[in-house]
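Structure first, commentary second.
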Amino acid sequence: MTAPTTGDDDALRQAVRLVLAALPQDRQPTPQEIDSSIDAVHRLQQTLGHPVDRQALAREIQARVAVWQDDAVGLTNAADHREWLAEAKVERGWEFWDRYRRYLEDVRIMAPQVVRRLDQSTDRILRQLEDPQRDGRWRRTGLVVGQVQSGKTGNYIGLAAKAADAGYKLIVILAGIHNSLRSQTQLRVDEGLLGFDTQYQQRYDQDTNSARIGVGAMPGVKRLKIASLTNSAENGDFRRQVAANLNLPIGDYPVVLVIKKHRSILEYLRRWMIEVEGEATAGTTEKIVHDVPLLVIDDEADHASVDTSRDDDTDPSTINRSIRHLLNSFDRAAYVGYTATPFANIYIDHDADHDVFGTDLFPDSFIESLPAPSNYLGPERVFGLRADDPDETSIEQLPIFRPVDDHDTWMPQRHRKDWTPPEQLPTSLEEAIDSFILTCAARRARGQVREHNSMLIHVTRFQAVQNLVRDQVDEYVGLLHDRLRDTKGDQADRALTRLRELWQRDFTPTTAAFPADEAPPVPWDRVAAELRPALAKIDVRAINGTSRDALEYYEHRRTGVSVIAVGGDKLSRGLTLEGLSISYYLRSSAAYDTLLQMGRWFGYRPGYEDLCRLYTSPDLLDAYVEITAADNELRRDFEEMAALGETPERFGLRVRASSAGLAVTAPNKMRRGIKVRLSYSGELPETTIFDLRPATLDHNLTNLDNFVRLLDKNHGGRTDGGSIVWENVTPQDIIEGFLDGYLPDRGSYRVRPAFIAQYIRLCAARQELSRWTVRLVGTPQGKPATVGSRDVRLVTRTESRDITDDRYTIRRVLSPADESRDLSDEQRDRALAGTRKVRRLKAEQTSRPFKEPDVPTGQPLRRVRTVDQPLLLIYPLMHPEHIIRTGHTEDCDRCADATPVVGFAISFPFSEHASETEYVVNEIWAQQEIDDFDDGDDE
């Protein structure tokens with residue numbers, strides 16, 4: 001089978017549109033309906049002389065209709081808010097939204113279920129804003145949380161379209177801090193909302209038909225009244241002179257701006273609006289804009305917008321102050337932040353206020369969480385995730401990670417801006433580049449000839465070093481291109497042999513691990529036939545703060561571009577790499593949100609998921625595993641609170657005082673960079689990363705031996721199945737006998753025994769956490785071992801995430817049923833009823849079938865604990881050497897004497913005093929910061 005030609009590709013896209021249009025729009029179509037529509041369109045295309053391959057058509061349709069997406073869930077504060085949308089849906093026209101919806105369905109060919117969810121989620125968000133026609137002064141502040149590269153831009157364009165329909169007259173979109181992201185966002189707004197290219201037209205009534213794009217270029221669409229004060233050129237940000245020359249009738253119809261988060265630009269905009277529309281306010285010298293409802297949409301709201309000053313009441317930081325001042329200059333204003341990493345936003349002080357700039361940007365009105373569609377390639381699928389309870393399904397890690405351990409001499413983790421990498425690229429980077437070439441060729445062989453292809457190389461934050469790397473990579477690609485062009489030379493044979501071996505060793509078995517209908521296998525001869533045209537199309541570009549290189553996806557949308565993008569921070573915030581398949585990533589950070597945002601490899605990879613690769617270090621993989629678990633925990637916590645009807649303020653208070661708050665964001669975003677207040681109230685800290693160095697293993701086992709002897713001496717103890725249980729243990733014994741002596745792995749950010757011990761001391765002083773139960777967990781099938789004076793059988797965790805010579809990472813140490821074994825029957829019944837209630841509410845919100853749990857878990861369980869009823873679970877784990885050598889738990893000669901690994905989990909009740917422990921973050925985490933070579937030349 002040969003690759004489709006351009007004409008075949010157009011015919012296939014047309015056929016897909018026709019089939020989707022024929023399917024039911026208000027529900028999931030049946031298999032019979034899908035087959036019937038495919039057959040009808042297949043016959044029609046043949047009759048019209050545009051035949052398509054039925055199998056390819058069926059595969060495209062299945063990929064779209066099989067996509068499902070849960071509904072959004074949220075927290076709401078209805079104080080001083082009036083419900084308005086239901087009535088407005090009937091009375092007002094919704095032409096901007098209808099046009100955008102049609103564009104997504106007919107032009108972008110998005111899955112119908114995803115478009116329906118977009119309609120529902122944007123309605124939920126708009127409903128929680130105020131009616132723009134409401135009189136008087138009001139302000140609403142909210143936050144929308146999505147996933148990295150999951151479609152947040154499409155969502156806020158939909159929100160902007162509905163806001164324009166509802167009557168918001170000024171819509172300001174804050175698009176990052178770089179021109180490239182602002183320009184890219186403006187182009188998306190041009191396509192989805194305005195309908196014209198703002199480089200050539202800036203208001204609806206300018207007669208420039210050639211400038212129509214996106215929603216404006218669809219046949220039969222109405223030209224809607226709208227204008228923009230910015231354009232999609234690299235330098236198209238807001239300028240007062242341009243705004244004055246356009247002479248727009250502000251307030252007559254919607255005006256849209258896409259601007260950078262820059263103090264001067266924000267202030268220029270505010271002053272211009274005050275000059276044009278401002279009116280003096282009685283009793284003050286300040287002018288206010290009346291009767292022009294303002295909507296500010298803040299993309300990447302956790303970046304630059306958050307106040308990082310020490311005193312938020314008197315001197316907010318620059319950009320935060322400018323955004324607040326803009327909002328405070330309008331009598332009717334709404335602010336909606338969008339982010340995938342909401343940690344910094346949650347830390348905002350919700351009480352902060354200023355006489356001139358107004359209240360801070362804490363989302364006190366609402367927080368919405370947007371689930372990603374099922375075809376989203378997100379952290380859980382890339383890094384895997386084990387479900388926290390037996391009633392949920394674990395997510396297995398995709399086989400796309402490739403370890404990098406040969407980069408230290410080429411690109412040391414700590415280097416300065418004048419570093420010159422050796423000329424010879426690391427073998428791992430050469431292989432990554434070869435993989436990108438193979439991926440481009442394979443996608444062509446699959447018919448994706450005109451699609452964009454991108455590779456990310458992110459190894460340094462210094463622009464000068466990025467440019468050197470760009471030159472080295474460009475030389476490697478150019479040399480390979482020259483060798484393959486000589487079809488009969490020995491060098492061409494050697495290059496083809498190397499690529500063939502990589503294809504057969506890596507790509508063939510990886511593709512076989514994916515469903516055949518999603519990743520059809522491609523034989524080597526078809527890949528080889530596409531290598532030269534694929535390679536000839538590749539450009540190598542540096543994308544950084546001073547580079548003039550650009551990713552011209554839109555200009556080449558009909559032919560597709562193939563680019564290797566070498567960059568740093570500029571590629572880490574919002575900028576989309578279209579068709580990203582291969583990532584070579586070595587940059588580290590101590591903050592969760594920074595690492596997640598750098599993960600440009602998340603997103604949608606239709607028809608080529610199996611070709612994607614992530615080349616990174618094992619240490620970074622460990623960090624991402626922990627980040628994925630932390631992020632998932634935060635979202636589960638959010639869903640539980642949403643199901644119980646909590647408010648944004650309650651969620652903000654809980655996370656700000658939560659153990660999950662440690663090192664999730666930059667120190668200056670966490671209580672102004674000096675101190676962090678943490679609490680383990682209602683928490684379940686558990687160890688998942690272990691130091692395998694013999695000295696650490698021996699130390700922790702000796703510490704446990706001594707603790708068990710202490711417990712036996714002071715508290716007796718009893719056998720419960722394969723476990724040993726001690727009751728009424730004192731806080732002092734827990735701290736001095738176990739926590740003070742336990743050595744955690746250096747990469748375990750979230751489980752710090754010293755922090756836990758200090759929290760226990762604080763609670764104990766208030767007569768809480770006074771009677772501990774300790775369970776030394778054993779299993780009937782495990783390897784026998786002696787711990788202190790007790791004989792137990794070691795616990796096995798076969799679902800390890802990563803095993804190296806000095807580190808062992810697992811998904812969970814806790815067995816969920818263990819957490820409730822110490823409860824009374826009455827407590828267990830209440831905990832199970834609470835667990836079922838939360839699950840039922842979540843099932844209703846997400847439209848998923850309700851599966852009744854039979855084990856209590858999560859917050860409902862820990863809420864039934866009395867304040868003096870904490871539980872310490874200690875897991876003596878079989879050394880992973882057994883898993884490596886034998887694949888299971890049998891003894892082996894080489895690992896018979898391997899020291900067990902000691903892990904633990906603590907189930908804390910909720911504190912009645914909301915006890916918090918204060919930590920000086922800068923001192924604690926200073927040694928773990930990676931990017932400490934700040935010479936002022938970063939991006």
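All residue numbers refer to positions in the sequence shown, counting from 1. Since the model is a prediction, treat every value here as computed from it, not as a measurement.
One distance of note links CD1 of I61 with CG of D35; it measures 11.0 Å at 0.5 Å rounding. Here D610 contributes atom CG and F507 contributes atom CZ; the two are 9.0 Å apart, rounded to the nearest 0.5 Å. The line from OG1 of T420 to CD of Q472 is 9.0 Å long, rounded to the nearest 0.5 Å. Atoms CD and CD, on E380 and Q147 in that order, are 5.5 Å from each other to the nearest 0.5 Å. Rounded to the nearest 0.5 Å, atoms CG (L535) and CG (L499) are 9.0 Å apart. One distance of note links CZ of R532 with CG of L484; it measures 5.5 Å at 0.5 Å rounding.
No donor-acceptor pair under 3.5 Å is formed between the side chain of R605 and the backbone N or O of C612. Remark: the backbone N or O of P523 is not paired with any side-chain donor or acceptor of W503 at under 3.5 angstrom. Judged by distance alone, the side chain of H452 and the main-chain N or O of S562 form no donor-acceptor pair under 3.5 Å. Using a distance-only test at 3.5 Å, with no hydrogens or angles considered, a donor-acceptor pair links the side chain of T439 to the main chain of L611. Using modelled atom types, no side-chain atom of E451 and backbone atom of G560 make a donor-acceptor pair closer than 3.5 Å. A donor-acceptor pair is defined here as one N or O able to donate and one able to accept, closer than 3.5 Å; such a pair exists between the side chain of S435 and the backbone of E431. Listed for the D406 side chain is a donor-acceptor partner under 3.5 Å among the backbone atoms of T427. No side-chain donor-acceptor contact under 3.5 Å links N453 to the backbone of V563. The backbone N or O of V215 lies less than 3.5 Å from no partner atom in the side chain of E191, so there is not a single donor-acceptor pair. A donor-acceptor pair under 3.5 Å is formed between the side chain of T198 and the backbone N or O of S232.
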Checklist entry - Checking salt bridge (Lys or Arg N to Asp or Glu O under 4.0 Å) for the pair R483/D490: CA distance, chi angles, key distance, verdict? => result CA-CA 9 Å; R483 287 174 176 174; D490 291 341; over 6 Å; no
Next on the checklist: Between V404 and T616, does the side-chain contact (heavy atoms from CB on, under 4.5 Å) criterion hold? Intermediate values first, please.
Outcome noted: CA-CA 5 Å; V404 176; T616 192; 5.5 Å; no
Next on the checklist: Assess the residue pair H458 and L586 against the criterion (side-chain contact (heavy atoms from CB on, under 4.5 Å)); give the C-alpha distance rounded to whole Å, side-chain angles, the decisive distance to 0.1 Å, and a yes or no.
Outcome noted: CA-CA 6 Å; H458 188 162; L586 300 178; over 6 Å; no
Next on the checklist: The test is side-chain contact (heavy atoms from CB on, under 4.5 Å); show your working for S617 and Y585 and say whether it passes.
Outcome noted: CA-CA 8 Å; S617 69; Y585 176 75; over 6 Å; no
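The shortest non-hydrogen separation linking Y608 to L580 is CE1-O, 3.8 Å. Nearest heavy atom pair, residue A565 against residue I543, reads CB-CG1, 4.1 Å.
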Going by atom type alone, with no hydrogens or angles, which donor-acceptor pairs under 3.5 Å involve a side-chain atom of residues 104-111 and a protein atom two or more places apart or on another chain?
{"unit_1": "E105", "atom_1": "OE1", "unit_2": "R101", "atom_2": "NH1", "d": "3.0"}

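Using a 4.0 Å cut-off between charged nitrogen and carboxylate oxygen, D299 and R182 do not count as a salt-bridge pair.
Side-chain contact check for I564 versus R541: every heavy-atom pair is 4.5 Å or farther apart. Residues V469 and V459 form a side-chain contact, since some pair of their non-hydrogen atoms from C-beta on lies under 4.5 Å apart. The shortest distance between side-chain heavy atoms of Y584 and H407 falls below 4.5 Å. Residues N179 and E234 meet the side-chain proximity criterion, which asks for heavy atoms closer than 4.5 Å. By the 4.5 Å heavy-atom criterion applied to side chains, L187 and Q184 are not counted as neighbours. The shortest distance between side-chain heavy atoms of F196 and I213 does not fall below 4.5 Å. Side-chain atoms of L614 and R402, non-hydrogen and from C-beta on, never get closer than 4.5 Å to each other. Under the 4.5 Å side-chain criterion, counting only non-hydrogen atoms from C-beta, Y615 is not in contact with I457.
No more than 12 heavy atoms of other residues, nucleotides or ligands shown are found within 6.0 angstrom of CD on Q55. Within 6.0 Å of CZ in R505 there are more than 12 heavy atoms belonging to other residues, nucleotides or ligands. Other residues, nucleotides and ligands contribute at most 12 non-hydrogen atoms within 6.0 Å of the CD atom of E475.
Checked against R381 for a side chain to side chain donor-acceptor pair (under 3.5 Å), the options Q397, E609, E396 give a single hit: E609.
Taking the six-membered ring where the residue is Trp, F462 and H415 present perpendicular rings, their angle passing 60° and hence far from 30°.
Listed by chain and residue number, D506 satisfy the salt bridge (charged side-chain N to carboxylate O under 4.0 Å, His left out) test with R613 (two or more places apart in sequence, or in another chain).
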